[in-house]
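So you know, we letter chains A, B, ... as the sequences are listed, proteins then strands, and number each from 1. In what follows, every heavy atom counts, from backbone to side chain, and hydrogens, waters and symmetry copies are set aside.
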Amino acid sequence: MKQAKPTIPKGTRDFGPVEMVRRNYIFDIIRTIFKKYGYDPIETPSMENLSTLLGKYGDEGDKLLFKVLNSGNAFSKVDFNDETIENPNALSFKICEKGLRYDLTVPFARFVVQHQSELTFPFKRYQIQPVWRADRPQKGRYREFYQCDCDVIGSHSLVNELEMVQIADEVFTKLDTRVCIKINNRKLLAGLAEVSGFPDKLVDITVAIDKIDKIGLEDVKTELIERGISKEGIDIIEPVLLIKGNTDEKLTIMRKVLANSEIGSKGLDELEELFSLITICGVKQKVEIDLSLARGLNYYTGAIFEVKALDFEIGSICGGGRYDDLTSIFGLPDMSGVGISFGADRIYDVMLGNNKFPTKTISGTKILFSNMGDKEMKYTLPLLKVLRQNGIAAEIYPSKVKFKKQFEYANKKNIPYFAIIGDTEIQSSTITIKELASSEQSEIKLEELITLLKDN
RNA sequence: GUGGGUGUAGCUCAGUUGGUUAGAGUACUAGUUUGUGGCACUAGGGGUCGUGGGUUCGAAACCCAUCACCCACCCCA
């Protein structure tokens with residue numbers, strides 16, 4: 001009679017030893033670079049109050065929040081005579097006060113407001129923690145995944161935007177992954193909606209611009225009309241739809257289209273300045289203006305970033321932008337911030353697909369000692385201790401089993417050396433070591449072994 | 001939220017128009033080989049064919065339901 005195998009919730013994953021080594025490789029590189037630019041670490045709880053989370057990510061985002069059932073009798077506050085409880089949403093807000101964090105930016109804004117008196121501004125922090133989204137999982141889309149965020153808050157300077165681009169450039173270059181860093185500005189999109197005569201249709205216009213390469217000019221126009229944009233409005237937008245070419249050409253055309261929009265021109269000024277800063281510093285990866293980039297998170301107000309992998313088909317692997325007003329919702333106005341978030345799990349998928357993990361990162365234990373019995377084991381243990389004191393990862397096979405078994409253990413764990421300690425070795429105070437890859441075997445002293453393994 | 005696909009051994013999967021005792025590779029165990037692994041050979045264990053119902057003399061296969069997972073759209077990391 002067999003028991004059904006246990007499972008884990010949809011969209012979550014286990015990570016084995018090999019995966020963990022690789023994931024840590026990514027985390028370590030990102031963390032090192034964050035530190036180098038002057039960011040300090042913080043962590044926040046996995047749960048926030050729902051009131052902190054709701055309304056920050058747009059309607060879609062609200063739906064994707066994992067809610068946490070109140071402890072105790074969660075239904076004690078529910079009035080079952082009230083007809084509105086038939087609405088599942090209304091009910092869930094009565095029985096849930098907490099939710100799992102959806103990203104790291106909103107909890108960070110909450111953190112800044114709550115701890116404002118303890119912080120030095122501009123405050124630069126990094127944060128590497130999992131987030132949860134109740135999305136339907138698919139390739140590259142998980143319900144639990146890690147974000148690696150760095151943010152500066154309390155500074156309007158475009159130097160901060162530059163820093164985000166530099167950090168992204170450096171991270172992906174270090175990870176040997178070719179990407180395109182796409183940049184846009186919300187003010188510019190707002191200006192575009194304004195000059196078209198439909199300031200509230202920002203999203204519709206952006207979606208249309210995005211589709212131009214897929215469905216062509218005529219279909220985009222049709223769709224814009226369906227979305228309620230007038231013919232005159234479309235005529236104004238049309239030059240934007242026809243944009244081809246480099247950053248300068250894009251800026252020139254946008255300059256003309258947005259001439260009468262104050263906010264649009266401001267957005268252009270910012271973009272232009274950011275690109276001139278980027279040019280001064282130089283970047284290794286591809287960086288371009290993408291006018292179709294909108295980003296759903298509705299707290300962005302200025303620059304927006306998104307990074308796409310060039311050699312692997314997957315959603316964006318990194319994204320961010322400037323938010324002018326996120327902390328004012330929590331009672332602290334005039335705190336502009338900008339940040340960027342690396343999607344570690346997708347970066348992992350990209351790197352795995354392109355074979356970008358160094359093979360060296362897989363190794364752990366350097367040497368395995370044989371176990372030939374109680375007497376031999378007791379002789380070996382002090383030797384092990386010396387090796388470990390020298391920083392060498394070493395193991396002894398814990399019980400006396402056939403050599404075949406012990407060798408197989410070493411093979412499977414990719415341990416490069418196998419040490420044999422038996423009567424012969426004890427008598428002569430030596431260690432017989434065998435290099436498993438070459439089958440070469442020699443009898444050496446402990447000191448020689450330490451030197452050998454330290455070099456590797 | 002909308003649409004598509006797949007569930008057979010620990011894992012990856014075959015399985016003919018419905019037919020006898022459900023297969024392969026791999027992994028596992030033992031042996032050839034009790035102080036020398038990988039290779040080879042031999043033998044062995046392991047399956048209510050996702051679950052429930054139906055059609056049939058007969059179902060892993062056909063029908064219905066249900067659950068789970070995967071993929072695409074949407075959105076994003």
Side-chain angles (χ1 to χ4, degrees), chain A residues 1-2 4-13 26 30 57-64 88-89 101-105 128-149 168 171 179 203 206-207 210-211 214 293-298 300 304-309 313-321 339-350 368 370-373 376 397 400-426 432-443:
Chain A
M1 198 55 69
K2 243 166 74 183
K5 263 192 294 181
T7 58
I8 53 174
K10 191 201 308 212
T12 65
R13 291 141 315 142
I26 295 174
I30 293 176
Y57 309 107
D59 292 342
E60 280 298 312
D62 282 357
K63 282 183 210 154
L64 300 180
N89 252 340
R101 69 169 162 254
Y102 179 92
D103 72 353
L104 301 178
T105 309
I128 299 177
Q129 288 190 274
V131 303
W132 294 268
R133 297 185 186 177
D135 222 335
R136 195 176 286 198
Q138 59 185 265
K139 190 173 148 210
R141 186 203 267 174
Y142 307 106
R143 285 183 147 184
E144 176 184 61
F145 59 97
Y146 270 75
Q147 290 195 328
C148 313
D149 276 38
V171 165
V179 297
V203 174
T206 313
V207 169
D210 185 40
K211 286 191 178 169
K214 291 175 201 159
L293 187 59
R295 302 190 54 76
L297 302 176
N298 58 7
Y300 290 124
I304 40 188
F305 313 107
E306 195 162 294
V307 178
K308 287 278 287 179
E313 194 46 56
I314 200 165
S316 61
I317 54 178
C318 179
I340 196 161
S341 174
F342 293 82
D345 303 78
R346 283 186 179 173
I347 293 171
Y348 176 98
D349 291 343
V350 171
L368 176 71
S370 67
N371 187 331
M372 298 180 69
E376 291 84 347
Y397 199 89
K400 186 199 173 193
V401 296
K402 295 187 248 207
F403 260 41
K404 184 183 165 97
K405 197 86 183 155
Q406 303 195 26
F407 270 112
E408 274 172 6
Y409 178 81
N411 279 331
K412 288 201 173 139
K413 278 191 79 167
N414 268 308
I415 299 173
Y417 292 97
F418 189 84
I420 297 164
I421 305 253
D423 280 340
T424 328
E425 286 80 8
I426 294 175
T432 298
I433 65 153
K434 179 163 182 172
E435 188 181 2
L436 289 173
S438 61
S439 288
E440 274 171 32
Q441 192 166 322
S442 56
E443 214 174 313

What does the list of N/O pairs under 3.5 Å between the protein and nucleotides 39-44 of chain B look like, with a distance for each?
none

Please list, pair by pair, any protein nitrogen or oxygen found under 3.5 Å from a nitrogen or oxygen in nucleotides 65-70 of chain B.
none

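Counting heavy atoms from C-beta on, the side chains of A/Met372 and A/Ile420 come closer than 4.5 Å. Residues A/Asp345 and A/Tyr146 have side chains in contact (heavy-atom distance under 4.5 Å, counting atoms from C-beta outward).
With sequence neighbours left out, A/Thr206 forms a side chain to side chain donor-acceptor pair (under 3.5 Å) with no residue at all. Remark: A/Tyr142 pairs with A/Asp349 by the side chain to side chain donor-acceptor pair (under 3.5 Å) rule, at least two apart or across chains. Checked against side chain to side chain donor-acceptor pair (under 3.5 Å), A/Asp62 has no partners two or more places apart in sequence or in another chain.
In this structure, A/Asp423 reaches the bases: a heavy-atom distance under 4.0 Å links it to at least one base atom across the strands shown. Residue contacts shown for A/Glu306 are absent, as no nucleic acid heavy atom lies under 4.0 Å away. Residue-level contact check: A/Gly140 touches the bases, meaning some heavy atom is under 4.0 Å from a base atom. Contact annotation for A/Lys412: backbone-only contact, meaning every heavy-atom pair under 4.0 Å involves sugar-phosphate atoms and none involves a base. Using a 4.0 Å heavy-atom criterion, one finds that A/Ser370 contacts no nucleic acid atom at all. A/Gly422 comes within 4.0 angstrom of a base, heavy atoms only. At a threshold of 4.0 angstrom between heavy atoms, the contacts of A/Phe418 with the nucleic acid are absent. If you check every strand for non-hydrogen atoms under 4.0 Å, A/Glu425 touches a base. Using a 4.0 Å heavy-atom criterion, one finds that A/Asp103 contacts no nucleic acid atom at all. Using a 4.0 Å heavy-atom criterion, one finds that A/Ala309 contacts no nucleic acid atom at all. Contacts of A/Leu436 with the nucleic acid, taken as non-hydrogen atoms under 4.0 Å apart, include base atoms.
Residues A/Asp103 and A/Tyr57 have side chains that bring a donor and an acceptor to within less than 3.5 angstrom of each other. Using modelled atom types and a 3.5 Å distance limit, the side chains of A/Glu144 and A/Thr12 yield no donor-acceptor pair.
Between A/Arg141 and A/Glu408, the residue whose closest nucleotide on RNA chain B is further toward the 5' end is A/Glu408. Of the two residues near RNA chain B, A/Gln147 and A/Ile421, the one whose nearest nucleotide lies more 5' is A/Ile421.
Listed for the A/Asn371 side chain is a donor-acceptor partner under 3.5 Å among the backbone atoms of A/Gly373.
Ion pairing between A/Lys63 and A/Glu60 holds under the 4.0 Å rule for side-chain N and carboxylate O. Comment: A/Arg143 does not engage A/Asp135 in a salt bridge, judged by the lack of any side-chain N to carboxylate O separation of less than 4.0 angstrom.
Stem regions annotated for RNA chain B: B:1-7 with B:67-73, B:10-13 with B:23-26, B:28-32 with B:40-44, B:50-54 with B:62-66, counting only runs of 3 or more consecutive pairs of Watson-Crick or G-U type with both contacts under 3.5 Å.
In this model, the phosphate group of B/U36 is not approached by any side-chain N or O of A/Lys402 to a distance below 4.0 Å at OP1 or OP2.
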